[in-house]
Amino acid sequence: MTTAAPAKRLFVLSFGCQMNVYDGELMASAFRRAGYEAAKEPADADVILVNTCAVREHAEEKVFSHLGELRRHKQRGALLGVTGCMAERMGKEIARRAPYVDLVAGARSFGDILDLAAAARDGLGPVISVGHDRPPPARDVSVRTDPYRAYVAVSRGCDHHCTFCIVPATRGREKGRPMAELVDEVRALVADGVVEVTLLGQNIDSYGKDRPEGEDLHHLLRACHDVPGLKRLRFVTSHPADMAEELFDDMATLPRLCGALHIPPQSGSNAVLKRMARGYTRERYLEIVREFRRHCPEGEVAADFIVGFPGETEEDFEGSLSLVREVLFQQSFVFRYSPRPGTPSAERFEDDVPEAAKAARNLRLLKAQEAVATAKHAAMVGRTYEVLVEGRSKKDPDVLMGRTRGNFIVHFRGGPDLAGHLVDVRITGHSPVTLRGEIRG
Ligand code: SAM
Ligand code: F3S
């Protein structure tokens, strides 16, 4: 009697943005078609891919320490690869600093990941592929990191040139996917149990600019919204210079489209926004938020800020602080400016805000956001919200965790069979980070 050889296993460790999570799933799809299964941890894997981010230097340095840690798995024959934006940006430099790495595939080359892995296995390593525009692997919708929620990338790359940002260099020019293909992907995900889809783009509002007439975000949202069985639809990330206000009508009228905007201001100072080449002012940003709230009074807005951009004075920084207090963001992601080689800001401006000042501003902005979140949470107590149950809470298996349409995290008691369902939860208490509640009978 012959027994089949055990299937090979893949482990993907993704850092950075949601697009990387999605790309990790595409690479896992390619390996699945080649007979691989998902490994639960690197120790069980035959192939380990570290899918990286290049947005800040700190993120890149962390990857090198992870690689140093993962290197030991090579002793038992595992293949170790680096993919994503840092791979695209650094290429050979990664193989120089971590010569034990078998393959480096950039954010635009991972469509060839199986061939690259095979070449590395054949001892041709380190195999390096950057600077090529290869279509990504086709998606196998059953390969997912979450049973109920999924991302769908509507485009790749970005045509903006925010002076601090490495993404246009690593991911290339914006290229939209055909709308019919996107709607089919949503349909296939829903047929496989997904109830919430988040459409992804570096700058999602410009979806369609390289597509035929009638293929734009407005039409795409309507088409995806109508897929039977889909319970919630979201989209990220919006750019204030491209935000089309007709989308606010969609958010106000399409019942499954969540009224949640992730629209990074980056700074509340017009002088800094100008040096960032963001293409809008603080006043315009506030006007967009006002218009959004006029259409969706219950809508929530989330932000990204960079602190310590070159030349940012205390007064400039206070502009960001006051923006947090004026807009009342649901959430703010705060990044310390990191000059990225080759970007306009790194070439033109001196990184002149000391690290200690960046750290202090980071903390102050987060504290301001925490105060805003705490007040928002307190105002929600006693009210009832629609919550999508994501599963058990990490801390307490008897407690469920879910999210409101506005992206607030809520904990409440209930059976695990509710996972993937929408329930009405009355808010009974809160902390700065989460809400507590009880299911309404
Ligand atoms: N449009 C993109 C998106 O989809 O979120 C933004 C790209 S970037 C991956 C995410 C955030 O990283 C940006 O909004 C910005 O706040 C931050 N970021 C980008 N470049 C940075 C840099 N050089 N230093 C610090 N933060 C940076
Ligand atoms: Fe980066 Fe600005 Fe595009 S932040 S991804 S260049 S919109």
Side-chain angles (χ1 to χ4, degrees), residues 14-23 51-62 84-86 88-89 107-108 151-175 198-207 209 217 234-243 260-268 272-280 285 301-312 320 323-324 329 331-349 351 353 355 358-359 361-362 365-366 369:
S14 281
F15 293 100
C17 63
Q18 293 124 322
M19 194 68 88
N20 260 12
V21 174
Y22 181 76
D23 288 351
N51 192 23
T52 60
C53 169
V55 163
R56 283 165 305 134
E57 187 184 354
H58 180 66
E60 295 187 340
E61 287 310 315
K62 258 191 5 209
C85 283
M86 172 184 167
E88 188 72 46
R89 189 186 85 72
R108 288 185 265 161
Y151 296 123
V152 172
V154 307
S155 58
R156 298 198 158 266
C158 182
D159 289 348
H160 274 282
H161 295 282
C162 305
T163 54
F164 51 79
C165 189
I166 193 76
V167 171
T170 56
R171 292 194 174 266
R173 288 193 63 92
E174 182 176 329
K175 196 165 186 312
T198 301
L199 303 178
L200 287 183
Q202 297 295 341
N203 172 17
I204 193 141
D205 312 282
S206 66
Y207 170 72
K209 69 181 198 179
L217 187 56
R234 300 180 183 275
F235 64 94
V236 291
T237 302
S238 291
H239 192 297
D242 294 330
M243 185 83 231
L261 269 191
H262 184 184
I263 184 162
Q266 309 296 0
S267 170
V272 174
L273 287 172
K274 195 160 182 204
R275 285 201 297 285
M276 288 177 164
R278 288 286 289 178
Y280 54 89
Y285 186 87
V301 185
D304 292 355
F305 283 99
I306 295 178
V307 293
F309 188 76
E312 185 190 65
S320 297
L323 196 66
V324 166
F329 293 108
Q331 195 176 13
S332 291
F333 300 93
V334 184
F335 304 92
R336 298 177 203 176
Y337 173 67
S338 169
R340 306 288 42 231
T343 56
S345 68
E347 312 257 297
R348 279 189 228 144
F349 309 126
D351 180 20
V353 179
E355 275 313 307
K358 286 182 189 170
R361 287 177 189 175
N362 189 346
L365 206 53
L366 287 175
Q369 175 58 45

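Indexing begins at 1, ligand by ligand and atom by atom, following the structure's order.
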Please confirm if an N, O or S atom belonging to Cys162, backbone or side chain, lies less than 2.8 Å from atom 1 (Fe) of ligand 2. no
Taking only non-hydrogen atoms of Arg336, do any sit less than 4.0 angstrom from ligand 1? yes
Starting from [atom], which protein heavy atom do you reach first, and at what distance in Å?
{"atom": "atom 23 (N) of ligand 1", "answer": "Ser338 O, 2.8 Å"}
{"atom": "atom 20 (N) of ligand 1", "answer": "Phe164 CD1, 3.3 Å"}
{"atom": "atom 12 (O) of ligand 1", "answer": "Val55 CG1, 3.5 Å"}
{"atom": "atom 1 (Fe) of ligand 2", "answer": "Cys165 SG, 2.3 Å"}
{"atom": "atom 7 (C) of ligand 1", "answer": "Gln202 OE1, 3.8 Å"}
{"atom": "atom 3 (Fe) of ligand 2", "answer": "Cys158 SG, 2.3 Å"}
{"atom": "atom 10 (C) of ligand 1", "answer": "Asp304 OD2, 3.9 Å"}
{"atom": "atom 26 (N) of ligand 1", "answer": "Phe335 CB, 3.3 Å"}

Of all the atoms in ligand 2, which lie at a distance below 4.0 Å from a heavy atom belonging to [X]?
{"X": "Gln202", "answer": "5 (S)"}
{"X": "Arg278", "answer": "2 (Fe), 4 (S)"}
{"X": "Val167", "answer": "5 (S)"}
{"X": "Pro168", "answer": "6 (S)"}

Note: Asn20 and Cys53 closest approach over all heavy atoms is ND2-N, 4.0 Å
For Arg340, the atoms of ligand 1 under 4.0 Å from one of its heavy atoms are 23 (N)
Atom 3 (Fe) of ligand 2 reached by His161 (N, O or S, under 2.8 Å): no
Give the contacting part of Gln18 toward ligand 1: side chain, backbone, both or neither, where contact means a heavy-atom distance below 4.0 Å. neither
Can you tell me how far apart OG (Ser338) and CD1 (Ile306) are? Round to the nearest 0.5 Å. 9.5 Å
